[in-house]
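A quick write-up on the structure given underneath.
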Amino acid sequence: MKHKSIVVLLLFVTTTITAQSKYFTKSGHTAFKASVEAFEAVEAKNKSTTAVLNTETGAIAALLFVKAFHFEIALMEEHFNENYMDSDKFPKVTFKGNIESFNVDELSSTAKEFIINGTLNIRGIDKEVEVKTMLSKNDKGAIILNGSFSVNPQDFDIKIPKIVRKKIAETINIELNYELVQKK
């Protein structure tokens with residue numbers, strides 16, 4: 001009976017520690033800008049990105065649904081989903097990576113720069129990316145992640161017709177703004 005009590009206690013402590021090391025969001029903001037000067041703004045926002053951070057290892061993963069990107073111009077959104085992203089066939093974008101030299105105990109209200117290296121999957125194609133981020137902790141204990149990186153559409157087999165090629169930037173800038181709260 002004593003051994004069972006010890007096993008149950010160890011399981012409880014392990015589960016509690018593991019849960020305390022995970023921070024997450026289901027309402028992260030991901031935005032992209034593909035605008036070229038002198039033409040209409042080509043940009044969209046997604047306010048429902050899911051992200052999970054393991055504070056023990058610095059591992060981070062994110063998932064967003066392509067159709068959750070919203071444009072100011074409905075026709076752009078339709079073309080984005082149907083012609084460029086083929087979002088019925090490839091509904092999700094994923095990212096899995098690690099924050100270099102991450103130590104949750106070093107986070108404070110003052111943002112500190114970190115690099116995240118990982119794999120971005122768009123349209124079923126993996127690409128290694130480096131994301132420059134600023135991490136901090138707010139007064140509620142949430143981890144604030146703000147970052148940016150760039151991608152090229154051709155790296156993900158995104159074809160842009162010649163008729164609009166000059167209206168869309170060759171490099172797409174992506175911005176991340178996540179408030180990750182401790183998983184209980």
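Summarising the geometry of Q182 relative to F24, their closest heavy-atom pair is O-CE2, 4.4 Å, with the distance given to 0.1 Å. Closest heavy-atom contact between N173 and S150: OD1-OG, 2.8 Å. Between L176 and F149, the shortest heavy-atom distance links the atoms CD1-CE2, 4.2 Å. The minimum heavy-atom distance linking V181 with A142 is given by the pair CG1-CB, 4.0 Å.
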*Take M85 and I122 through the side-chain contact (heavy atoms from CB on, under 4.5 Å) test and state the conclusion after the steps.*
CA-CA 8 Å; M85 295 300 289; I122 299 175; 3.5 Å; yes
*Go through E113 and K132 one step at a time and tell me if the salt bridge (charged side-chain N to carboxylate O under 4.0 Å, His left out) criterion holds.*
CA-CA 7 Å; E113 186 173 317; K132 293 181 181 180; 5.8 Å; no
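Grouping the Ile, Leu, Val, Met, Phe, Trp and Tyr side chains by contacts below 4.5 angstrom, directly or via other members, places F32 with I160.
Remark: the backbone N or O of Q154 is not paired with any side-chain donor or acceptor of N152 at under 3.5 angstrom. N54 places no side-chain N or O within 3.5 Å of a backbone atom of I60 that could act as its donor or acceptor partner.
No more than 12 heavy atoms of other residues, nucleotides or ligands lie within 6.0 Å of CD in E72, so this atom counts as exposed by the packing criterion.
Using a 4.5 Å cut-off on side-chain heavy atoms (C-beta onward), F156 and K127 make contact.
At a cut-off of 3.5 Å, with distance as the only test, a side-chain donor of N117 or E100 sits close to an acceptor on the other residue. Between the side chains of T30 and T49, at least one donor N or O lies within less than 3.5 Å of an accepting N or O.
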